[in-house]
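Working notes, structure below.
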Amino acid sequence: MSGPLEGLRVVELAGIGPAPFAAMLLADLGADVVRVDRPGPGSPLSGDPAHDLLNRGKRSVLADLKTPAGVDRVLALATRADVLIEGWRPGVAERLGVGPDEALARNPRLVYGRMTGWGQDGPLATTAGHDIGYLALSGALHPIGRAGGPPQVPVNLLGDFAGGSLYLVIGVLSALRSGHGQVVDAAIVDGAAHLTTMLSGLLASGVWRDERGVNLLDTGAPFYDVYETADGRHMSVGALEPKFFAEFARLLGLEGVSQSDGDLRDRVAAAFSGRTREEWSKVFAGSDACVAPVLSLAEAPHDAHLAARGTFTERDGVVQPAPAPRFSRTPASLGRPPALPGRHTDEVLAEWGLA
C-alpha cells in the first residue's frame, strides 16, 4: 500500500453502503484497513465478495461479536488502531460491547467514527432508513427534477456516499489532526443538508425559488439541461456564461439566438434531435461550449479524456474507478483486491502483535 495515509491503522466493523465506502477511501489513500467480518454468509446486497469493490485494499478478520472471544478480538484490534469505523444503528455497538466507551477505555487516542442515517440522537435516531429518506427530510431531494414532475432519485450517490461517506472521512481525518481520541457522529441527513448550503444562500437572497425545475441549475434554464439525440441518447448542456453560450449556439447551428429567447428550449431540442450523440460529440469536441455526451457506467471508462488521465483502471479483470484525489508527493494506488471474509485473520493478528 502507498499513499498519504500510509501507516494509518483502521478497523472497520463490517456493514453495508456508506461506512464500507468511507473505509475503502481510506484504504485507497494508503491506510491499513482491517475489516471485521462476522462468520456466516454476508449481506445479499453485497453480491460476490470477490467483486465487492467497497472492500478493495482491505484485509479481513473474522470475529463473532455474540461471543466474548469475538468482542475481545475487536477491542484488541482497537488498541492497535488509530481509527475504528462502524455503520450500525445507534446502540448496537454498545449492546455488543464494542462501543466508544469500551474502545476508548482500551485506547484513549482512538478516533471512533460512527456512520448512520439519522445520527446518534434525535427522534428518528433508532428508526430504519435509506438514502432516499435522508435526502427527502434534509431538503436535498426536493430540487431534483423537472417542473411539474416528481422529485427524481439520484441513485444513492448524493446521500449515502456524498452526505455520508465523505463527511465521515472528513470527520475522521479532522479528529486525527486534533491528536486526541474522540467520537465522530457522521449522519447522512446532516451531510446531505450541509451539501445544500449554497442553495440555502441563494434562497435567502431571493435568486432561487423553492420550486422544482424553475431555477438556473435544476433544468429551469434551457441552456443547462440534457437533450435527446437522434439515436435516443443524450447530450448535456451547461452553457451558463454568455461567451460559452455563444459558442454553444454557433456549433449547434443557432448562431444569433439569445439565452432569454422564449422558444430557445424547443429550438435546441429540435437541433439535437437531428444528429446522433456521436455526431454531436464530434461537433463539440475540444470547444468551450460546455457540452458533453451523457455516458453510461460501462461507456465512461472508454472516454478519451478519462482514459488519458487514468480515471478508471482495471484490476483482476474488473474495471473500476481509480483512487482519488491525486497527490504529487505521495501518490495513491490500488492495493489488494476485495478482501474475502476472514482471509487475513492470522496475518493481521500476527502483524499487529495480537497472535
Side-chain angles (χ1 to χ4, degrees), residues 1-37 51-61 77-78 80-87 107 109-115 156-158 160-186 188 191 194-195 300-301 306 309-316 318-340 343-344 347-348 351-352:
M1 302 294 291
S2 63
L5 298 183
E6 185 175 3
L8 187 74
R9 284 182 170 179
V10 179
V11 173
E12 175 201 351
L13 304 184
I16 59 173
F21 183 83
M24 181 212 78
L25 178 52
L26 295 173
D28 279 356
L29 298 180
D32 181 9
V33 178
V34 172
R35 178 180 168 97
V36 179
D37 284 296
H51 290 159
D52 187 354
L53 296 180
L54 297 189
N55 285 334
R56 72 184 189 187
K58 305 175 184 179
R59 295 188 286 180
S60 172
V61 303
L77 288 167
R80 301 288 200 272
D82 302 294
V83 178
L84 185 148
I85 289 175
E86 61 96 351
N107 182 0
R109 65 179 181 80
L110 182 72
V111 173
Y112 196 108
R114 317 198 78 174
M115 178 80 264
N156 68 331
L157 299 178
L158 182 57
D160 281 352
F161 298 130
S165 306
L166 297 187
Y167 277 84
L168 176 58
V169 170
I170 291 170
V172 163
L173 297 181
S174 300
L176 286 169
R177 178 68 176 80
S178 74
H180 301 285
Q182 59 178 307
V183 178
V184 177
D185 174 6
I188 298 172
H194 194 255
L195 289 170
L306 302 185
R309 284 185 56 79
T311 300
F312 291 87
T313 188
E314 184 174 338
R315 173 69 182 269
D316 300 320
V318 179
V319 177
Q320 55 196 283
R326 305 179 187 205
F327 301 84
S328 62
R329 295 183 59 187
T330 55
S333 61
L334 284 185
R336 302 173 182 85
L340 301 181
R343 180 171 182 173
H344 308 96
E347 174 186 313
V348 169
E351 188 177 310
W352 285 27

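Since we're looking at a predicted model, the values are computed, not measured.
Within a 6.0 Å sphere centred on CZ of Arg326, heavy atoms belonging to other residues, nucleotides or ligands number more than 12.
Shown here for Pro20 and Gly15, the closest heavy-atom pair between the two residues is CG-O, 3.5 Å. Across all non-hydrogen atoms, the minimal contact from Ala81 to Trp352 is CB-CZ3, 4.3 Å. Closest approach of Gly7 to Asp82, counting heavy atoms only: O-OD2, 4.0 Å. The two atoms that bring Ala22 and Leu168 nearest to each other are CB-CD2, 3.8 Å, heavy atoms only. The two residues Ala162 and Leu195 have their closest heavy-atom pair at CB-CD1, 3.9 Å. For Ala175 against Ser178, the heavy-atom pair with the smallest separation is O-OG, 2.6 Å.
Residue Leu25 holds its CG atom at 8.5 Å from OG of Ser165, rounded to the nearest 0.5 Å. Atoms CG and CG, on Asp37 and Leu340 in that order, are 9.5 Å from each other to the nearest 0.5 Å. Interatomic distance, CD of Glu12 versus CG of Leu26, reported as 9.5 Å (0.5 Å rounding). Note that CZ of Arg35 and CE of Met24 are 12.5 Å apart. Values are rounded to the nearest 0.5 Å. Note that CG of Asp52 is 10.5 Å distant from CD1 of Ile16, once rounded to the nearest 0.5 Å. For the atom pair Asp32 CG and Leu5 CG, the distance stands at 11.5 Å (nearest 0.5 Å).
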Next on the checklist: One pair to check against side-chain contact (heavy atoms from CB on, under 4.5 Å): Glu347 and Val61. What are the steps and the verdict?
Outcome noted: CA-CA 9 Å; Glu347 174 186 313; Val61 303; over 6 Å; no
Next on the checklist: Let's go through Leu166 and Phe161 carefully: what are the C-alpha distance in whole Å and the side-chain angles of both, what is the deciding distance for side-chain contact (heavy atoms from CB on, under 4.5 Å) to 0.1 Å, and is it a yes or a no?
Outcome noted: CA-CA 6 Å; Leu166 297 187; Phe161 298 130; 5.9 Å; no
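Considering only heavy atoms from C-beta on, Leu173 stays 4.5 Å or farther from Arg177 through its side chain. Side-chain contact check for Lys58 versus Arg336: every heavy-atom pair is 4.5 Å or farther apart. In this structure the side chain of Pro323 reaches within 4.5 angstrom of the side chain of Leu334, judged on heavy atoms. Looking at Val318 and His51, their side chains come closer than 4.5 Å, going by heavy atoms from C-beta outward. Looking only at side-chain heavy atoms (C-beta outward), Asn107 and Leu84 stay at 4.5 Å or farther from each other. You'll find the side chain of Arg56 stays beyond 4.5 Å of the side chain of Arg315, heavy atoms only. Contact check for Val169 versus Leu29: no side-chain heavy atoms found under the 4.5 Å cut-off. Counting heavy atoms from C-beta outward, Tyr112 and Arg114 have side chains that approach closer than 4.5 Å.
Relative orientation of the Tyr167 and His194 rings is perpendicular, given thresholds of 30° and 60° on the angle between their planes.
Counting only distance, with no hydrogens or angles, the side chain of His344 and the backbone of Ser60 share a donor-acceptor pair below 3.5 Å.
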